[in-house]
Amino acid sequence: MKLPKALADDLVAHATEDLPNECCGMIGGRDGVAERVYRAVNTEGSPFMYVIDPREQMRIMDDIDDAGMDLLAVYHSHTRSAAYPSRTDVELAFFPKTLYLIVSLADRSAPEIRAFQISRTLPPEEAVREEPVEIV
Amino acid sequence: MSTVRIPPVLRPAVGGVRELTVDGGTVGEVLEAIYAEHPAVRQQLVTEEGELHRFVNLYVNDEDVRMLEWLDTPVGERDTVLILPAMAGGAG
């Protein structure tokens, strides 16, 4: 996916503002190009877990739909670990066609953004596939 | 017959449609009817133990069925059921 620099900066800003907890949200766009970051509230308020409020999830998904965009990615932060899907991320990956984008603040001076297709129904060795994120 | 709203994520599993009209007097019966017709939906929503995954949310007319009678919540002709898998995860 292509991620404009301003949106990448916004993702890192969101992750930083929500420390010590994980942040979460969605990214809408067209033809694989991100256009808008939708910040959501992490109802878990936890450094180890995120859950987007289902009603907020519905509202954002409708908004993306109404704007003629696609839901390109669900994003969240890892505050101390690498930008790679955890076991929890895989177990709860209900959206196999949507990218799961992870912002890692493990190195605060060099945040890392990576995206993955994750499917909880595939065998473990096939469940995670990285998709390149091109900052443009 | 009730109307079931299918979120984009589940549409490939039901032939691409946004809504299904399904027989069933309760939420549980409606789900079983969908699984019978579209087995891929079961694969996405149900755990290996055969339980509906706890991170799958279900609404009848915008009411969370966890606040009603869960899978025994009755549904009628004019009711709309929404299946909404959660967006969740984390470093664990």
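Quick caveat, the model's predicted, so the values are computed rather than measured. Just so it is clear: chains get the letters A, B, ... in the order the sequence lines come, proteins before strands, and each one is counted from 1.
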**Q** Answer with side chain, backbone, both or neither: which region of A:Asp62 has an atom nearer than 4.5 Å to a non-hydrogen atom of chain B?
**A**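 Answer is side chain: those atoms of A:Asp62 sit under 4.5 Å from chain B.
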**Q** Quick check: is A:Val12 connected to A:Leu99 through a chain of hydrophobic side chains (ILVMFWY, heavy atoms under 4.5 Å apart)?
**A**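 Yes: a chain of side-chain contacts under 4.5 Å links A:Leu99 to A:Val12.
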**Q** With chain B, which of A:His76, A:Met49, A:Gln57 has the greatest number of heavy-atom pairs at distances under 4.5 Å?
**A** A:Gln57
**Q** Is A:Tyr50 reachable from A:Ile102 through a run of I, L, V, M, F, W or Y residues, each pair having side-chain heavy atoms under 4.5 Å apart?
**A**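 Cluster IDs for A:Ile102 and A:Tyr50 match.
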**Q** Which bit of B:Leu10 is near chain A, if near means a heavy-atom gap under 4.5 Å: side chain, backbone, both or neither?
**A**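 Contact with chain A: none, neither part.
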**Q** Could you state the interatomic distance from CE (A:Met58) to OH (B:Tyr59), rounded to the nearest 0.5 Å?
**A** 5.0 Å
**Q** Determine whether more than 12 heavy atoms belonging to other residues, nucleotides or ligands lie under 6.0 Å from atom CZ of B:Phe55.
**A**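 It does: B:Phe55 CZ has more than 12 such atoms within range.
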**Q** Please classify the contact between A:Arg87 and chain B as side chain, backbone, both or neither, with a heavy-atom cut-off of under 4.5 Å.
**A** neither
**Q** Write down the atom of A:Phe94, the atom of B:Ala86, and the distance for their closest heavy-atom approach.
**A**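 So the two residues come closest at CD1-O, 3.7 Å.
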**Q** Got a sec: does the CD of B:Glu77 have more than 12 other heavy atoms crowding it under 6.0 Å?
**A** no
**Q** Does the side chain of A:Glu56 come within less than 4.5 Å of B:Met87's, by heavy atoms?
**A** no
**Q** Nearest 0.5 angstrom please: A:Thr121 OG1 to B:Glu48 CD, how far?
**A**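 So the OG1 of A:Thr121 and the CD of B:Glu48 are separated by 11.0 Å.
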**Q** May I ask whether A:Leu71 and A:Leu3 are part of the same hydrophobic cluster, defined by side-chain heavy atoms of I, L, V, M, F, W, Y residues being less than 4.5 angstrom apart, directly or through others?
**A**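 In one cluster with A:Leu71: A:Leu3, no.
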**Q** Any side-chain heavy-atom pair from A:Pro96 and B:Gln44 closer than 4.5 angstrom?
**A**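 Yes, side chains in contact.
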**Q** So, the side chain of A:Glu44 versus the backbone of B:Ala88: is there a donor-acceptor pair under 3.5 Å, distance only?
**A** no
**Q** Check the hydrophobic clustering (I, L, V, M, F, W, Y; side-chain heavy atoms under 4.5 Å; chains of links allowed) and say if B:Val56 and B:Val65 are grouped together.
**A** yes
**Q** Between A:Ser81 and B:Ala91, which heavy-atom pair has the shortest distance, and what is it?
**A** OG-CB, 3.7 Å
**Q** Got a sec: does the CZ of A:Arg80 have more than 12 other heavy atoms crowding it under 6.0 Å?
**A** no
**Q** Does A:Asp66 have more than 12 heavy atoms from other residues, nucleotides or ligands lying within 6.0 Å of its CG?
**A** yes
**Q** Going hydrophobic residue to hydrophobic residue with side-chain gaps under 4.5 angstrom, can you get from A:Tyr38 over to A:Ile27?
**A**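 No, separate clusters.
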**Q** Where does B:Arg5 contact chain A at under 4.5 Å (heavy atoms): side chain, backbone, both or neither?
**A** side chain
**Q** More than 12 foreign heavy atoms under 6.0 Å from CZ of A:Arg30: is that the case here?
**A**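 Yes, the 6.0 Å shell around CZ holds more than 12 heavy atoms from other groups.
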**Q** Between A:Arg55 and B:Asp64 (salt bridge meaning N to carboxylate O under 4.0 Å), is one present in this structure?
**A**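 So A:Arg55 does not pair with B:Asp64 through a salt bridge.
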**Q** Would you mind telling me which of A:Thr43, A:Asp53, A:Thr88 has the largest number of heavy-atom pairs within less than 4.5 Å of chain B?
**A** A:Thr88
**Q** Answer yes or no: is there a donor N or O on one side and an acceptor on the other, between the side chain of A:Asp89 and the main chain of B:Gly90, under 3.5 Å?
**A** yes
